[in-house]
There are 2 protein chains.
Amino acid sequence: MAPYQRVKQYLKSGLEHGRWKPGSLMPSESDLVAQFGVSRMTVSRALRELQNEGLVERVQGVGTFAAQLHKLSATLSIRDMREHVESRGLRYRMDMQLLREEAAPPLVAQRFGIQPGAPVFHSLAVHFEDGVPLQCEDRWVHPAAAPHYLSNDFSASTPTQYLLEVAPTWEASYTIEAAMPSRQEARLLKIDASEPCLVITRSTVSRGIAVTLVRLVHPGSRYLLEGRFSP
Amino acid sequence: MAPYQRVKQYLKSGLEHGRWKPGSLMPSESDLVAQFGVSRMTVSRALRELQNEGLVERVQGVGTFAAQLHKLSATLSIRDMREHVESRGLRYRMDMQLLREEAAPPLVAQRFGIQPGAPVFHSLAVHFEDGVPLQCEDRWVHPAAAPHYLSNDFSASTPTQYLLEVAPTWEASYTIEAAMPSRQEARLLKIDASEPCLVITRSTVSRGIAVTLVRLVHPGSRYLLEGRFSP
DNA sequence: CAGTGGTCTAGACCACTGA
DNA sequence: CAGTGGTCTAGACCACTGA
């Protein structure tokens, strides 16, 4: 194991075993240099990585402290539906229900920074896994970000794949909630109108402008999100 | 701006503007050393950070490549309910409905690596925001991980806070789904039995042993998760 | 073989903190 | 003032890749 990893591992396992309580002072860089017989750059890297992982907090002129652990955040991967299905060896299909230009509704116009009623692209697709509907994707697209959205061949790529190609995602925010499907969504997903759904609403920014707003509706009985954190 | 940040910013904005397409070869460390007139350690740090952020992929002996952007993962913070409520300046309350030792059900026994029927701790609490029930917390605790769980004063700390104190979380996995509440949960949350709920199931490991399993049920109309990613 | 990334060293200068 | 972290340099040795 590389020296910086040895130092990092030593500190990590010490934190794990409660050798340093949250908020307490940890060894300084020069302490660790002496203890491990390595150069300061090496312990510095170990400490910086622990800081990036949220395990320690460092204050210039003061020292390094064991972090409060409940500030942890977890990773949740958001993948393209096609990849999600095919990566598990299942058959993927998408039905494009609607693909056209429309007048921007007020909410969409606001997020895109354009006038209400200005032309925007609107698509509605259903994603299937082995013939079972798994996701209903209701999407608005800013024409300036993807001018040829309407003429793309969506039998070859999903809206997510196409948009990632023409406008790489540089920031996105989303919400996850439980809600009832609309009547139309229930029909498209072939579920009862009273079945709870997992609804993800996502807004994506590329090169400073909003690219797309999307509402992803999943039948609660067929889809769940998984995640983990490991500090 | 520090030199390593200048290099990093240069590469980041180049990626953002499509100067290097996903999968294509990017400048080598020595290219960047020459271009910026800095030492190799400095460009190495810039590239390593971009790698950690998932923006580039590096292969020893080959080079650095622009990453495929759709492998992004997002951060989703999982916070203690009390902090969540109080951080927004609202009044927090918890009702502990049940707190006792029980015989481990098969599923719990399996996750804890103990015999079914062995003693485990079980608690059921409701968390309120300004008097409105926001979360129902059904929790199983491994007695070896928190032997004094049952005698803790839960008017002073939440189960999450207490467990983080006595057994720092070192790994957790969770699922997020939409589901109907149980009859009991609907009653405790004061919602209709047909209201969809956001259900988080979390399993936590500390020092190699399972500490706790918890089912968190939130009324869909009152609670949503927010997240963002920015590569 | 030349070129790549992975890592380390021994020193340096700096900004910042708190006694 | 001594001690802390933040960062950089100029060199080094290494493992790995592909021609």
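A, B, ... follow the sequence lines: proteins, then strands. Residue 1 opens every chain.
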Check: Excluding sequence neighbours, so at least two apart, what forms ring pair (Phe, Tyr, Trp, His ring centres under 6.0 Å) with F65(A)?
Finding: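 For F65(A), no residue satisfies ring pair (Phe, Tyr, Trp, His ring centres under 6.0 Å) once neighbours in sequence are set aside.
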
Next item on the list: Kindly write out the residues that satisfy ring pair (Phe, Tyr, Trp, His ring centres under 6.0 Å) with Y223(B), not counting sequence neighbours, or none if the list is empty.
Entry: H84(B), H218(B)

Next item on the list: Could you summarise the pairing of DNA chain D as dot-bracket text, marking Watson-Crick and G-U pairs under 3.5 Å with ( ) or [ ] inside the strand and | across strands?
Entry: ||||||||||||||||||.

[X]: which residues meet the side-chain hydrogen bond (donor to acceptor under 3.5 Å, both in side chains) condition with it, sequence neighbours left out?
X	value
R139(A)	E137(A), T160(A), T212(A)
S151(A)	none
R6(B)	none
E177(B)	none

Next item on the list: Please identify each residue that fulfils side chain to side chain contact (heavy atoms under 4.5 Å, CB included) with R82(B), with sequence neighbours left out.
Entry: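 Per chain and number, R82(B) pairs via side chain to side chain contact (heavy atoms under 4.5 Å, CB included) with D80(B), E86(B), Y92(B), T158(B), Q161(B).
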
Next item on the list: Quick one, give me the B/S/- string for nucleotides 4-12 of chain D, reading 5' to 3', where B means a protein heavy atom under 4.0 Å from the base and S means that only happens at the primed atoms, P, OP1 or OP2.
Entry: BBBBBBB-B

